[in-house]
Asks: 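Take this structure first; my questions come after.
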Amino acid sequence: MSGRDGGKKKPLKAPKKKEQAVDEEDLAHKQKMKEQEKALQEAKAKAAQKGPLVGGGIKKSGKK
């Protein structure tokens with residue numbers, strides 16, 4: 001703890017991760033989430049092709 005302890009210290013070892021038992025409900029949930037993500041990506045791609053929905057915003061008259 002004195003001033004002579006310079007340099008980089010070794011990092012502490014992280015605890016090992018335990019193997020988790022994967023049941024059918026978890027697998028079904030993960031599959032459902034993947035399908036939802038895929039559908040969202042497809043919807044984004046389809047929306048990007050069409051362009052913006054609102055083109056005008058604030059409309060200005062031709063008068064000055």
Side-chain angles (χ1 to χ4, degrees):
M1 300 291 174
S2 66
R4 299 183 62 177
D5 295 337
K8 186 175 181 182
K9 302 285 184 184
K10 288 186 177 179
L12 297 175
K13 290 186 178 179
K16 293 183 179 180
K17 294 181 180 178
K18 295 181 181 179
E19 283 290 324
Q20 295 180 353
V22 180
D23 56 354
E24 292 181 18
E25 288 182 19
D26 289 339
L27 292 175
H29 181 66
K30 286 183 181 181
Q31 182 68 23
K32 185 178 178 183
M33 294 301 286
K34 283 184 182 180
E35 289 174 4
Q36 287 180 349
E37 184 69 26
K38 187 176 178 182
L40 181 63
Q41 293 298 328
E42 289 175 1
K44 282 184 182 180
K46 190 174 181 181
Q49 291 174 353
K50 291 184 179 180
L53 296 176
V54 179
I58 299 174
K59 295 192 177 190
K60 298 180 182 178
S61 65
K63 300 177 184 177
K64 285 192 173 182

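From a predicted model like this one, the values you see are computed outputs, not experimental measurements.
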Asks: Please list every donor-acceptor pair under 3.5 Å in which a side-chain atom of residues 22-29 meets a protein atom from a residue at least two apart or in another chain.
Replies:
residue : atom : partner : partner atom : Å
Asp23   : OD1  : Asp26   : N            : 3.3

Asks: Can you list the residues that meet the side chain to side chain donor-acceptor pair (under 3.5 Å) rule with Gln36, with sequence neighbours excluded?
Replies: none

Asks: Could you measure the distance from the CD atom of Glu35 to the CD atom of Gln31? Nearest 0.5 Å is fine.
Replies: 5.0 Å

